[in-house]
Structure formats: structure tokens, C-alpha cells
Amino acid sequence: MVLSIAKLTDEFQITIPSEVRRRLGLEAGALVYLAIEEEKVVLRAVRGGWTEATKGLGADLWKAEGGTAAIERERESWE
């Protein structure tokens with residue numbers, strides 16, 4: 001769903017449109033993070049601290065590498 005369009009400034013900045021700020025509950029000074037998911041940039045509000053907000057990022061990569069088996073392979077390579 002496209003809510004709005006924002007223009008990139010000469011300094012590569014954008015203003016988050018008011019409708020997006022309202023829906024995400026963003027106020028001045030709020031933290032957001034940007035993620036690239038496939039060919040999309042996703043902006044999310046940081047809630048409950050950075051750790052909570054980024055929980056689950058990279059899950060697809062983790063699964064593709066074999067999950068906990070990947071950790072065991074890495075540990076074995078240290079020996």
C-alpha cells in the first residue's frame with residue numbers, strides 16, 4: 001500500500017510524510033530503522049529499544065545457512 005511519496009533532497013534526506021508518521025506513532029526524535037527486504041526498503045518504528053525492534057532480522061539468512069547446524073559447523077572449524 002502506497003500512502004505517500006517523498007522526494008530525496010540534495011543531502012539524500014527525506015521527510016517522512018505526516019500520514020506515515022501518524023500511522024507509526026512517530027514524533028520528533030523518534031528512532032526508526034530501515035531494512036532492505038528483497039527489492040524494498042522498509043521503515044519501522046523502534047519500539048522497546050533497538051534489540052526488540054530488530055528481533056527477527058536476518059531470519060531468512062539464518063535459515064538458509066542451516067540454523068543451529070551452521071553454528072556447530074563454525075565451531076568445529078575453530079579447532
Side-chain angles (χ1 to χ4, degrees):
M1 167 198 308
V2 175
L3 293 177
S4 173
I5 295 175
K7 183 177 180 180
L8 200 60
T9 69
D10 292 337
E11 288 84 30
F12 303 101
Q13 298 172 332
I14 63 168
T15 297
I16 300 171
S18 60
E19 178 65 12
V20 175
R21 293 191 315 263
R22 185 183 65 75
R23 287 188 181 208
L24 292 177
L26 298 175
E27 297 178 358
L31 294 177
V32 297
Y33 75 88
L34 301 169
I36 297 175
E37 296 178 0
E38 296 177 11
E39 295 294 319
K40 301 173 188 171
V41 175
V42 178
L43 177 139
R44 291 193 173 107
V46 174
R47 306 225 191 279
W50 185 255
T51 302
E52 183 63 29
T54 57
K55 182 178 180 179
L57 287 180
D60 292 336
L61 176 62
W62 173 252
K63 289 176 187 173
E65 291 297 319
T68 55
I71 292 175
E72 293 304 319
R73 284 193 308 273
E74 183 64 24
R75 287 180 180 157
E76 289 171 5
S77 74
W78 299 346
E79 297 174 359

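Remember, it's a predicted structure, so these values are computed and weren't measured experimentally.
Transitive grouping of hydrophobic side chains (ILVMFWY, heavy atoms separated by less than 4.5 Å) brings Val20 and Leu34 into a common cluster. No single ILVMFWY cluster, assembled from side-chain heavy atoms under 4.5 Å apart, contains both Ile16 and Leu8. Residue Val41 is grouped with residue Leu24 when hydrophobic side chains (ILVMFWY) are merged at heavy-atom distances under 4.5 angstrom, including chains of intermediate members.
Scored by the salt bridge (charged side-chain N to carboxylate O under 4.0 Å, His left out) test, Glu65 finds no partners at all (sequence neighbours excluded). Residues meeting the salt bridge (charged side-chain N to carboxylate O under 4.0 Å, His left out) test with Glu74, sequence neighbours left out: none.
Ile14 CD1 to Ser4 OG: the interatomic distance, rounded to the nearest 0.5 Å, is 9.5 Å. Here the CD atom belonging to Glu76 is positioned 12.0 Å from the CD1 atom belonging to Ile71, to the nearest 0.5 angstrom. Here Leu43 contributes atom CG and Arg21 contributes atom CZ; the two are 12.0 Å apart, rounded to the nearest 0.5 Å. Within the model, atoms CD1 of Ile36 and NZ of Lys40 stand 13.5 Å from one another, a figure rounded to the nearest 0.5 Å.
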Quiz prompt | Glu37 and Arg44: CA distance, side-chain angles, deciding distance, salt bridge (Lys or Arg N to Asp or Glu O under 4.0 Å) verdict | solution = CA-CA 12 Å; Glu37 296 178 0; Arg44 291 193 173 107; 3.0 Å; yes
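Residue-environment remark: CD (Glu19) exceeds the threshold of 12 foreign heavy atoms within 6.0 Å.
Checked by atom type and distance alone, the side chain of Thr15 never pairs as donor or acceptor with a backbone atom of Pro17 at under 3.5 Å.
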